[in-house]
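Reckoned from all heavy atoms, side chains included, excluding hydrogens, waters and symmetry mates.
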Amino acid sequence: MVAGKQVILITGANSGVGLDTAYYLAKTASNHVIMGVRNLEKGQKALEEVQARNPQGTLSLLSLDVANDESIMEAVKKVETEFGQLDILINNAGNQVQSKFPSRDELRESFETNVYGPVVLTQALTHLITSSQGKKIINVSSELGSITGNQQGNGPPYTAYRMSKAALNMLTTCQSQYLKSEGVKVWSFCPGFVVTNLAGQREGRSAMGAESSETSAQAILDIVEGKRDAEAGTFIARYGRQPPW
């Protein structure tokens, strides 16, 4: 239990946007950040990296593979037992299948992590979210999932990835409608073109002018702190932008 603190769960928190977000949120003394990680060894290193920056808030690790239902249910039970609450869920874990013409297996791989995981995890945690004070869900999406924004054929031909993010955006719309009566606010959030480990592209992204993933973390912090509450139920991005669906 973390009496008096706001409890926040971030999936995929061992690198990139997730890691930076964990630190940015943990800078606030009243926050307890649960770092959801698939690999506990890598997660422990990430936790130590954040703690070395002396955040005012507290952190903990949670073994969580969003592509595995058993892992999800075990993680949910642990959150229930150890914290008894969940104020904010940040569905950040994701993968990027890059095929132009994806196979059935590649489609499954993309959707398992980018769509099915957030659906199952959020549903399993809804009772904790609706009974909390924070009542926020942030689905980390991508402008590559914007149908309107990609009608001209711009951007990389990552068909499965684009499809999965478009589906995640629809999930946001559904969650926003179904949970509004419970006082829950939901967003799709595009972190922008930033340096991450997604698909092993760290060096390539940096060479192409990608910004620091800390810019995405700051934008997520703004959502958590209520600065974009008026845009709940929409697709938002850094710097106050609102991409088209």
Q: What do you reckon, is OH of Tyr239 surrounded by more than 12 foreign heavy atoms closer than 6.0 Å?
A: yes
Q: Could you check if a side-chain atom of Asn114 sits within less than 4.5 angstrom of a side-chain atom of Leu168, using non-hydrogen atoms only?
A: no
Q: For Gly233 versus Ser176, what's the shortest heavy-atom pair and its separation?
A: CA-OG, 3.4 Å
Q: Pairs in or reaching into residues 59-73: which pass side-chain hydrogen bond (donor to acceptor under 3.5 Å, both in side chains), with residues at least two apart or in two chains?
A: His32-Ser60
Q: Check the hydrophobic clustering (I, L, V, M, F, W, Y; side-chain heavy atoms under 4.5 Å; chains of links allowed) and say if Val119 and Leu89 are grouped together.
A: no
Q: Checking Ile8 against Lys136 for the side-chain contact (heavy atoms from CB on, under 4.5 Å) test, could you report, in this order, the C-alpha distance in whole Å, the side-chain angles of both residues, the deciding distance, and whether it holds?
A: CA-CA 9 Å; Ile8 305 168; Lys136 292 182 177 179; over 6 Å; no
Q: What is the distance from atom NZ of Lys185 to atom OG1 of Thr234, rounded to the nearest 0.5 Å?
A: 12.5 Å
Q: Could you grab the distance from atom CD of Gln242 to atom SG of Cys190, nearest 0.5 Å is fine?
A: 12.5 Å
Q: Do the side chain of Glu106 and the main chain of Ser103 share a donor and acceptor less than 3.5 angstrom apart?
A: yes
Q: Between Arg53 and Glu214, is there a side-chain N and carboxylate O pair less than 4.0 Å apart?
A: yes
Q: Compare every heavy atom of Gly145 with every heavy atom of Lys165, then report the nearest pair and how far apart it is.
A: CB-CA, 3.8 Å
Q: Return the minimal non-hydrogen interatomic distance between Tyr158 and Val97, and the atom names on each side.
A: CB-O, 3.8 Å
Q: Would you say that more than 12 heavy atoms from the other residues, nucleotides or ligands in this model lie under 6.0 Å from the CZ of Arg228, or not?
A: yes
Q: Going from CD1 on Ile223 to CD1 on Ile138, what distance comes out if it is rounded to the nearest 0.5 angstrom?
A: 4.5 Å
Q: If you define the side chain from C-beta out and look only at heavy atoms, does anything of Ser110 sit under 4.5 Å from Ser164?
A: yes
Q: Looking at side-chain heavy atoms only, is the closest gap between Val194 and Arg238 below 4.5 Å?
A: yes
Q: Can you check whether Ala29's main-chain N or O pairs, donor with acceptor, with Lys5's side chain at less than 3.5 Å?
A: yes
Q: Is there a donor-acceptor contact under 3.5 Å from the side chain of Asn92 to the main chain of Thr11?
A: yes
Q: What is the distance from atom OG of Ser142 to atom CZ of Phe235, rounded to the nearest 0.5 Å?
A: 6.5 Å
Q: Can you tell me how far apart NZ (Lys42) and CG (Asn14) are? Round to the nearest 0.5 Å.
A: 7.0 Å
Q: Do Glu82 and Ile34 make a side-chain contact, defined as non-hydrogen atoms from C-beta onward lying under 4.5 Å apart?
A: no
Q: Taking Pro244's backbone N and O only, do any of them form a donor-acceptor pair with Ser146's side chain (distance below 3.5 Å, no angle check)?
A: yes
Q: Return the minimal non-hydrogen interatomic distance between Leu107 and Pro102, and the atom names on each side.
A: CD2-CG, 3.9 Å
Q: Are Leu144 and Met163 linked, directly or through intermediate hydrophobic residues, by side-chain heavy-atom contacts shorter than 4.5 Å (ILVMFWY only)?
A: no
Q: Looking at residues at least two apart in the chain, or sitting in another chain, which of them share a side chain to side chain contact (heavy atoms under 4.5 Å, CB included) with Thr173?
A: Met170, Gln177, Trp245
Q: Given side-chain contact (heavy atoms from CB on, under 4.5 Å), test Phe83 with Leu128 step by step and report yes or no.
A: CA-CA 10 Å; Phe83 305 101; Leu128 291 179; over 6 Å; no
Q: Report yes if some heavy atom in the side chain of Pro191 is under 4.5 Å from a heavy atom in the side chain of Val140; otherwise report no.
A: yes
Q: Distance only, no hydrogens: is a donor on one side chain within 3.5 Å (strictly under) of an acceptor on the other, for Thr122 and Asn91?
A: yes
Q: Are Leu121 and Leu64 side-chain neighbours, meaning at least one heavy-atom pair lies under 4.5 Å?
A: yes
Q: Would a single hydrophobic cluster contain both Leu25 and Ile236, if residues Ile, Leu, Val, Met, Phe, Trp and Tyr are joined by side-chain heavy-atom contacts under 4.5 Å?
A: yes
Q: Count I, L, V, M, F, W, Y as connected when their side-chain heavy atoms are under 4.5 Å apart, and connections chain through other members. Are Leu171 and Tyr161 then in the same cluster?
A: no
Q: Please give me the minimum heavy-atom distance between Asp87 and Gly134, naming the atom from each residue.
A: OD1-N, 3.0 Å
Q: Do any N or O atoms from the side chain of Thr81 and from the backbone of Lys78 form a donor-acceptor pair under 3.5 angstrom?
A: no
Q: Grouping I, L, V, M, F, W and Y whenever their side-chain heavy atoms are under 4.5 Å apart, do Leu47 and Tyr24 come out in a common cluster?
A: yes
Q: Between Val50 and Val33, does a side-chain contact (heavy atoms from CB on, under 4.5 Å) hold up when you go through it step by step?
A: CA-CA 11 Å; Val50 175; Val33 180; over 6 Å; no
Q: Do Gln6 and Val224 come within less than 4.5 Å of each other through their side chains, counting heavy atoms only?
A: yes
Q: Given Met73 and Val120, is the side-chain contact (heavy atoms from CB on, under 4.5 Å) satisfied, shown in steps?
A: CA-CA 9 Å; Met73 295 311 164; Val120 175; 4.0 Å; yes
Q: Walk me through it: do Ser188 and Ser141 pass the test side-chain hydrogen bond (donor to acceptor under 3.5 Å, both in side chains)?
A: CA-CA 6 Å; Ser188 270; Ser141 185; 4.7 Å; no
Q: Decide if atom CG of Leu40 counts as having more than 12 heavy atoms of other residues, nucleotides or ligands within a radius under 6.0 Å.
A: yes
Q: If you measure from CG on Leu125 to CD1 on Ile137, what distance do you get to the nearest 0.5 Å?
A: 9.0 Å
Q: Using every non-hydrogen atom in the two residues, find where Lys135 and Ser132 come nearest and quote the distance to one decimal.
A: CE-O, 3.1 Å
Q: Taking the side chain as every heavy atom from C-beta outward, state whether Asp229 and Trp187 have any atom pair closer than 4.5 Å.
A: yes
